[in-house]
Amino acid sequence: MDIPNFDRTKTEMPAFPDKGTPEISFKDLTENKTDLLKAVLPPLLPLFPKWLHRVVLAASDNSEDERNVSDCSIDTEYRQAYIRLYPSFWEMTEIRMAQALIHEVLHIAVEPIAEVAKEFIESAYPDKGPFRDFSDKVFVRSVEGTVEDLARSIWEILAANSPEKEDVLAHAGV
């Protein structure tokens, strides 16, 4: 997918307000890593929620969990998101990178409803205790499971429509 008026030498991708595409910028990334992301991102642009105005993709060395390849922080009030890419992200194939990015973009997409659910839990169980702990665990597990299921389904749709469909599907283990 070619991005109109897109200069690959710049560190930002233009926003397309008419299509609902957010402004995308890159932080603390080498030129090679920025170029790699610019190659991986175009097919994923339609997945960004229309309410999102700005997203930053940044290299990060600090993950609380070694298994994390990426994670994100989302500010729905200011319509921004920050996707952190950990060292293990850069060790993956481009296909796995795209899958990880789909996962993070879907976290962004479901954040408004996740915030409502989280506020409901906090108001129903304002004090820490077994019910609140249980609700928090179920909430996290449910959001993570839903996002991952959606990410896999979307990946299969994208891969099935790829010109290199067989190669992409085989390489991704689908």
For [X] against [Y], the heavy-atom pair lying closest together:
| X | Y | value |
| --- | --- | --- |
| I102 | W155 | CD1-CE3, 3.6 Å |
| W51 | R79 | CB-NH1, 3.0 Å |
| P87 | S60 | CD-O, 3.2 Å |
| A98 | L44 | O-CD1, 3.9 Å |
| I108 | P49 | CG2-CG, 3.6 Å |
| A58 | L29 | C-CD2, 4.3 Å |

Under the 4.5 Å side-chain heavy-atom rule for ILVMFWY, direct or indirect, which residues accompany Y82? V56
Let me see the working for I95 and V40 under side chain to side chain contact (heavy atoms under 4.5 Å, CB included), right down to the final yes or no. CA-CA 8 Å; I95 288 172; V40 170; over 6 Å; no
[atom2] on [Y] to [atom1] on [X], rounded to 0.5 Å:
| X | Y | atom1 | atom2 | value |
| --- | --- | --- | --- | --- |
| L52 | E23 | CG | CD | 10.5 Å |
| L106 | T146 | CG | OG1 | 10.5 Å |
| H107 | S70 | NE2 | OG | 8.5 Å |
| I74 | I83 | CD1 | CD1 | 8.5 Å |
| L85 | L37 | CG | CG | 6.0 Å |
| L47 | L158 | CG | CG | 6.0 Å |

State, yes or no, whether a side-chain contact exists between [X] and [Y] at a heavy-atom distance under 4.5 Å.
| X | Y | value |
| --- | --- | --- |
| F48 | T21 | no |
| L36 | M97 | yes |
| L45 | I24 | yes |
| M92 | V69 | yes |

By side chain to side chain contact (heavy atoms under 4.5 Å, CB included), N68 pairs with (sequence neighbours left out) S63, D65, D71, Y86
Sequence neighbours excluded, which residues qualify as side chain to side chain contact (heavy atoms under 4.5 Å, CB included) partners of V138? F134, R141, S142
Name each donor-acceptor pair under 3.5 Å that joins a side chain in residues 114-123 to protein atoms two or more places apart or in another chain, with its distance.
{"residue": "E115", "atom": "OE1", "partner": "T76", "partner atom": "OG1", "Å": "2.9"}
{"residue": "E115", "atom": "OE2", "partner": "T76", "partner atom": "OG1", "Å": "3.0"}
{"residue": "K118", "atom": "NZ", "partner": "D136", "partner atom": "OD1", "Å": "3.0"}
{"residue": "S123", "atom": "OG", "partner": "E119", "partner atom": "O", "Å": "3.2"}
{"residue": "S123", "atom": "OG", "partner": "F120", "partner atom": "O", "Å": "3.0"}

Which residues share a salt bridge (charged side-chain N to carboxylate O under 4.0 Å, His left out) with E144, sequence neighbours left out: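 Expected list: none.
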Holding to salt bridge (charged side-chain N to carboxylate O under 4.0 Å, His left out), I want the full list of residues that pass it with R152, two or more places apart in sequence or in another chain.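 Listed in chain order: E148.
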Is the count of non-hydrogen atoms from other residues, nucleotides or ligands lying under 6.0 Å from K33 atom NZ greater than 12? yes
List the residues meeting side chain to side chain donor-acceptor pair (under 3.5 Å) with S135, not counting sequence neighbours, and say none if there are none. none
Applying side chain to side chain donor-acceptor pair (under 3.5 Å) to S73 and not counting sequence neighbours gives R84
